[in-house]
Every structure is written in C-alpha cells, then in structure tokens.
Amino acid sequence: MTDTPPATETADRLDLGVCTLRSRLLVGTSGYPNPQVMLDALRASGTELVTVAIRRVNLQDTSEESLLELLRREGYRLLPNTAGCYTAKEAVLVAQLAREALETDLIKLEVIGDDETLMPDVEQLLRAARTLIDDGFRVLAYCNDDPITCRKLADLGCTAVMPLASPIGSGMGLVNPYNLALIRELLPQTPLIVDAGIGTASDAARAMELGYDGILLNTAISNAQHPVMMAQAMRRAVEAGRLAWQAGRIPRRFYARASSPLEGRVGLG
C-alpha cells in the first residue's frame with residue numbers, strides 16, 4: 001500500500017483536472033422509478049458529479065422538466081458518457097456532441113464490444129481515447145480489469161482509468177480483487193475509479209480499501225428496493241473505505257496473535 005497522509009477537511013479531494021470534488025462517489029441518472037426519486041437519491045449520495053448518457057437524452061430539450069435542466073438546477077456537475085457506442089468513430093462523435101451541448105471537456109468514454117456482456121472493446125477504446133485526448137478532452141475511460149489495458153490508457157494521458165468490478169448492471173461486486181489491487185500497484189499516480197458491477201455498500205467499501213480514488217455506480221442505487229436508502233449506504237461505504245485505506249489495515253496473519261503482551265503477566269501461583 002502506498003503511504004498516504006491522513007485526510008483533512010480540505011486536503012482529501014478527488015482531482016479530475018477541470019474540477020476538484022469533495023465526494024468520491026460518482027452516480028448515474030438512469031433507471032430510477034421517477035425523476036423525484038432520482039433527485040432524492042442523488043442528494044442522499046452526496047455526489048457532485050453525475051453521469052448522463054448522451055445517446056439517451058434529448059440535448060435540444062431545454063424545458064424545466066428535462067433531465068439536463070433538473071440536474072443543472074440542483075447544481076450538479078455533468079459527466080457526459082458515450083454509453084451505447086460500439087466503435088471509436090461513434091464514441092468520438094458522441095463526445096464532440098456532448099462538448100458542444102454541455103460545454104465540458106470531461107467525457108466518460110465507453111466503447112462496448114457486444115450486447116450480451118457489455119464488456120469494453122479494447123481496440124476501439126484505445127483508439128477513441130487517443131483521438132479524444134489529442135482533441136483536448138479529459139477522458140475517464142471505462143475498461144476491463146486488465147492491468148495492461150489500464151496502463152496503456154494511463155500512458156495515453158487519460159484523466160482517470162475506470163476498471164470494472166464486474167459486468168455492467170450485474171451487481172456481482174468485485175469478482176477479481178487481485179487484478180484491481182494489481183492495477184492500483186502498477187498505477188500509483190493515476191486516478192483510478194471502480195466502475196460497473198457494484199451491488200451493495202460492502203462492494204464499494206472493499207474497492208476503496210484497495211486504494212481506489214472513487215466509485216462510479218448507477219444500477220446499485222436506481223434498482224434498489226429503496227434507492228434513497230441505498231444512496232445513503234453507498235455514501236457512507238465510500239467514506240469508510242477511503243478512511244480505512246488511509247489508516248492502513250493490520251497485516252493478515254495465518255496464526256492468532258494476542259493483542260495483549262505476554263511479557264509481565266501476573267503469576268497465578
């Protein structure tokens with residue numbers, strides 16, 4: 001584990017270049033029962049940066065009840081994403097539309113390989129990331145939990161690399177914590193955010209305990225039986241996991257070790 005000084009009220013922030021966030025929980029906006037539940041859950045989560053799927057919203061709708069206007073009115077920063085794109089060309093076009101409409105260089109880059117697994121297409125992802133970075137975007141790249149792919153994305157200059165915990169919407173949690181830990185060790189200076197597959201609060205806490213800089217999730221909150229309550233749970237889990245990582249856990253031991261010293265024990269006759 002990388003040595004990290006204890007957090008302070010002002011120092012422990014998530015820096016994404018164009019914005020610095022107090023909350024390390026990024027939340028999506030799809031799949032909620034209704035807009036009011038979504039807004040209540042976002043407030044409960046404490047998030048400051050919310051994702052919007054550009055291919056699934058009407059960028060021309062400026063009415064007071066449109067998704068974008070609701071989020072703007074609440075003061076959230078918007079993180080457009082390229083969900084639904086299957087080629088680098090599609091993803092670049094969607095990112096350019098998002099920058100023009102939302103006036104932001106931040107983009108969550110997704111390039112999906114197929115409809116069954118929704119796993120990233122690595123070749124197309126790397127191609128799109130290179131093009132967007134060259135065009136001045138700050139790319140948060142959703143990818144699989146392959147250390148080599150993550151290193152390549154970091155070397156390209158991605159603002160954050162976002163390996164999945166498990167497939168999108170599966171709720172399976174961290175299926176390969178070894179790889180996630182290895183990615184953290186290989187990329188100590190790169191902002192890393194676990195994206196996709198988080199199912200419950202313990203998943204989020206465990207990811208943060210590995211030293212990740214943040215969590216991005218959607219379905220775990222929006223599809224929960226009580227989304228607002230789950231949003232509160234996720235907020236606390238991310239905060240607890242971050243503190244636990246900074247505090248430094250005790251080493252695992254194969255055998256027991258008494259917490260009280262054996263030396264100096266009072267004799268019993």
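All of these numbers come straight from a predicted model, not from anything done at the bench.
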Looking at [X] and [Y], does any basic side-chain N land under 4.0 Å from a carboxylate oxygen?
X	Y	result
R235	E239	yes
R184	D213	yes
R72	E74	no
R99	E103	no
D155	K152	no
R22	E48	yes

Report yes if some heavy atom in the side chain of [X] is under 4.5 Å from a heavy atom in the side chain of [Y]; otherwise report no.
X	Y	answer
V27	L25	yes
T20	L14	no
N81	Y142	no
L132	L109	yes
N144	T149	yes
L16	L21	yes
T190	I183	no
L210	W245	no

Check for a donor-acceptor pair, side chain of [X] on one end and backbone N or O of [Y] on the other, with a separation under 3.5 Å.
X	Y	value
T200	S202	no
D15	G17	yes
R43	V228	no
T82	A91	no
T47	L42	no

Quick check on the hydrophobic clustering: are [X] and [Y] connected, directly or via other members, by side-chain heavy-atom contacts under 4.5 Å?
X	Y	result
V94	V50	yes
L70	V52	yes
L140	V18	yes
L26	V139	no
I193	L106	yes

Euclidean distance, [Y] [atom2] relative to [X] [atom1], rounded to 0.5 Å:
X	Y	atom1	atom2	answer
L125	E110	CG	CD	10.0 Å
N179	L186	CG	CG	9.5 Å
Y86	D121	OH	CG	11.5 Å
L93	C85	CG	SG	8.0 Å
S45	I215	OG	CD1	13.0 Å
S170	I168	OG	CD1	9.0 Å

For the pair N218 and S222, evaluate side chain to side chain donor-acceptor pair (under 3.5 Å) and give the outcome as yes or no after the intermediate values.
CA-CA 6 Å; N218 187 134; S222 66; 3.1 Å; yes
Between [X] and [Y], which heavy-atom pair has the shortest distance, and what is it?
X	Y	answer
P80	A98	CB-CB, 3.6 Å
L78	L102	CD1-CD2, 4.2 Å
L153	L126	CD2-CD2, 3.6 Å
Y76	L39	OH-O, 4.3 Å
T219	G169	OG1-CA, 4.0 Å
A231	A41	CB-O, 3.2 Å

After noting the C-alpha distance and the side-chain angles of L187 and C150, does the key distance pass the side-chain contact (heavy atoms from CB on, under 4.5 Å) rule?
CA-CA 8 Å; L187 302 173; C150 291; 4.0 Å; yes
Using side-chain contact (heavy atoms from CB on, under 4.5 Å), reason through D203 and L174 one step at a time and then give a plain yes or no.
CA-CA 7 Å; D203 299 332; L174 280 63; 4.2 Å; yes
Under the side-chain contact (heavy atoms from CB on, under 4.5 Å) rule, what do C143 and V161 come out as? Steps first, then yes or no, please.
CA-CA 7 Å; C143 60; V161 176; 3.8 Å; yes
Look at atom CD of E100 and say whether more than 12 heavy atoms of other residues, nucleotides or ligands are closer to it than 6.0 Å.
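Atom CD in E100 is not packed in, count stays at 12 or less.
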Counting only heavy atoms not in I250 (residues, nucleotides, ligands), do more than 12 fall under 6.0 Å from its CD1?
no
Hydrophobic cluster (4.5 angstrom, side-chain heavy atoms) - remaining members for M172:
V175
Going through the distances and angles, do E69 and R73 end up as a salt bridge (charged side-chain N to carboxylate O under 4.0 Å, His left out)?
CA-CA 6 Å; E69 288 305 312; R73 194 157 62 236; 5.6 Å; no
Donor on one side chain, acceptor on other, D114 and T117, under 3.5 Å:
yes
Taking it one step at a time, do M162 and V194 satisfy side-chain contact (heavy atoms from CB on, under 4.5 Å)?
CA-CA 5 Å; M162 308 174 72; V194 168; over 6 Å; no
